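Heads up: numbering here begins at 1 and tracks the sequence. As the structure lists them, so they are numbered: ligands from 1, and atoms in each ligand from 1. Since the structure is predicted, the reported quantities are computational estimates derived from the model, not experimental observations.
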Amino acid sequence: MKESKYLVFALGKGRLANKTMELFEKVGVTCEEMKDKDSRRLIFVNEELKLKFFLAKGPDVPTYVEYGAADIGVVGKDTILEENRRIYEVLDLGYGKCRMCVCGPKSAKELLRHHEMIRVASKYPNIAKDYFYNKKHQTVDIIKLNGSVELGPIVGLADVIVDIVETGSTLRENGLEVLEEICPLSARMIVNQVSMQMEPERIKKLITDLRSHL
Ligand code: PRP
């Protein structure tokens, strides 16, 4: 059947978007325009299949999907947890695997064990707050940073950090270690709640096709 309405995808810019298009290609969701690596364009169209793709900053992907500017998004579980938007999370895509952890110098282990009032630096203040307040019942002071969070304990800004650990090399090279694991992370597909009602067949077919390739 020839589709009349565009299905719009929001993808987190960078490595995740490349991996996603590789996977989508296997199920026939393609976009030739996106293959031009020198292009500075932000929106790409496949007229034939009535698909549109746009690249956004990761943390903005759930926002576009919640408001319906995109029907579907692909983003890390870390962003989904941090942004806490009203969207459906429908599929674990299995790539972009890493862990959200509490990290710091070995000496900070005692501070965690004794539930002391500590300072926690993170790019993910909501995840940090949920973990310490709701799961550990520990009152902490959370300091929001925008990157290179490992600096926090090194320069004395914070006792520990809540951050993503993939290979662990950033921690090792800076004399820090994983102290507690919060949760595993990976890329997820998310869907706008209204789109799911309006285009159930198209979206469910995509989920089924993707699942068979994972
Ligand atoms: C992420 C994360 C860690 C690092 C973990 O940072 O915040 O710093 O990767 O990876 P590893 O365990 O393989 O060393 P990113 O590169 O996204 O930059 P940022 O610090 O500016 O957020």
- Message: Salt bridge check, Lys136 against Glu180: does any charged N sit closer than 4.0 Å to a carboxylate O?
- Response: yes
- Task: Decide, yes or no, whether a salt bridge links Asp130 with Lys135 under the criterion of side-chain N to carboxylate O below 4.0 Å.
- Result: yes
- Please state which protein non-hydrogen atom is closest to atom 22 (O) of ligand 1 and give its distance, to 0.1 Å? Lys123 NZ, 2.5 Å
- Message: With a sphere of 6.0 Å drawn around CG of Leu214, does it hold more than 12 non-hydrogen atoms of other residues, nucleotides or ligands?
- Response: yes
- Item | atom 3 (C) of ligand 1: nearest protein contact (heavy atom, Å) | Glu150 OE2, 3.2 Å
- Ignoring hydrogens and angles, state whether a donor on the side chain of Thr20 or Tyr95 is under 3.5 Å from an acceptor on the partner side chain. yes
- Item | Heavy atom of protein closer than 4.0 angstrom to atom 9 (O) of ligand 1 | no
- Query: Of all the non-hydrogen atoms in the protein, which one sits nearest to atom 20 (O) of ligand 1, and at what distance?
  - Reply: Ser148 N, 2.9 Å
- Mark whether atom 16 (O) of ligand 1 lies under 4.0 angstrom from at least one protein heavy atom. no
- Could you list the atoms of ligand 1 found under 4.0 angstrom from a heavy atom of Val165? 12 (O)
- Message: In terms of relative ring orientation, are Phe53 and Phe9 parallel, tilted or perpendicular, with 30° and 60° separating the classes?
- Response: parallel
- Do the side chains of Ile161 and Leu112 join up, straight or via other hydrophobic residues, at under 4.5 Å, putting them in one cluster? no
- Task: May I ask you to test the Arg188-Val74 pair for a side-chain heavy-atom distance under 4.5 Å?
- Result: no
- Message: Nearest non-hydrogen contact with atom 5 (C) of ligand 1 belongs to which option: Asn146, Ile164, Val149?
- Response: Ile164
- Are Val102 and Tyr131 side-chain neighbours, meaning at least one heavy-atom pair lies under 4.5 Å? yes
- Can you pull out the closest protein heavy atom to atom 13 (O) of ligand 1? Residue, atom name and distance to 0.1 Å, please. Thr167 OG1, 2.5 Å
- Item | Geometric N/O contact Gly168 with ligand 1, under 3.5 angstrom | yes
- closest protein heavy atom to atom 14 (O) of ligand 1 is Thr170 OG1, 2.4 Å
- Enumerated ligand 1 atoms positioned under 4.0 Å from heavy atoms of Ser169: 12 (O), 14 (O)
- At under 4.0 Å between heavy atoms, which part of Asp163 makes contact with ligand 1: side chain, backbone, both or neither? side chain
